[in-house]
Amino acid sequence: MEGHSAIVTDYERLIVQKSGGIGWLILNRPEAGNAFDALMLDELEHAWADLEADPDVRVIVNTANGRRSAPAWTSYRWRATGTPCASTPGGPGTPS
């Protein structure tokens with residue numbers, strides 16, 4: 001695979017690419033500020049495991065599409081409690 005780009009398309013919330021020893025995990029929910037939801041977290045777990053198991057991938061880079069991203073603690077808090085917190089796009093206290 002070295003030197004070739006492969007795009008893994010089995011995801012709704014992520015874009016996963018492999019190229020030249022680099023695994024790219026791109027959050028692809030810009031309309032929601034790339035806030036994590038249950039589906040994205042499940043996809044991230046699977047994509048990380050897949051990239052980690054690939055001997056051609058030497059580094060994994062995380063990035064996001066769009067101009068903004070939700071803070072990581074917000075997303076993890078949402079997963080832990082099942083309730084969006086105030087700074088999560090669409091969460092309590094945010095403008096509609």
Just how far is it from atom CZ of Phe36 to atom CG of Leu44, taken to the nearest 0.5 Å? 5.5 Å
Do you know the tightest heavy-atom contact between Asp56 and Asp54? N-OD1, 2.8 Å
Is any side-chain heavy atom of Trp48 less than 4.5 Å from a side-chain heavy atom of Asn62? yes
For Arg13, is there an ion pair with Asp37 - N to carboxylate O distance below 4.0 angstrom? yes
What's the shortest heavy-atom distance between Gly23 and Leu51, and which atoms? CA-CD2, 4.0 Å
Does the side chain of Leu14 reach to within under 4.5 Å of the side chain of Leu27, using non-hydrogen atoms? yes
Considering all heavy atoms, the nearest Asn34-Ala64 contact: ND2-CB, 3.4 Å
Closest non-hydrogen atoms of Asn65 and Pro30, given as atom of the first, atom of the second and distance, are O-CB, 3.7 Å
Atom CD in Glu31, atom CZ in Arg29: separation rounded to 0.5 Å? 6.0 Å
Taking atom NZ of Lys18 and atom CG of Leu25, what is their separation to the nearest 0.5 Å? 10.5 Å
Side chain to side chain contact (heavy atoms under 4.5 Å, CB included) involving Ile22 - partner list, sequence neighbours excluded: Trp24, Val59, Val61
How long is the straight-line distance from CD1 of Ile26 back to CD of Gln17, given to the nearest 0.5 Å? 4.5 Å
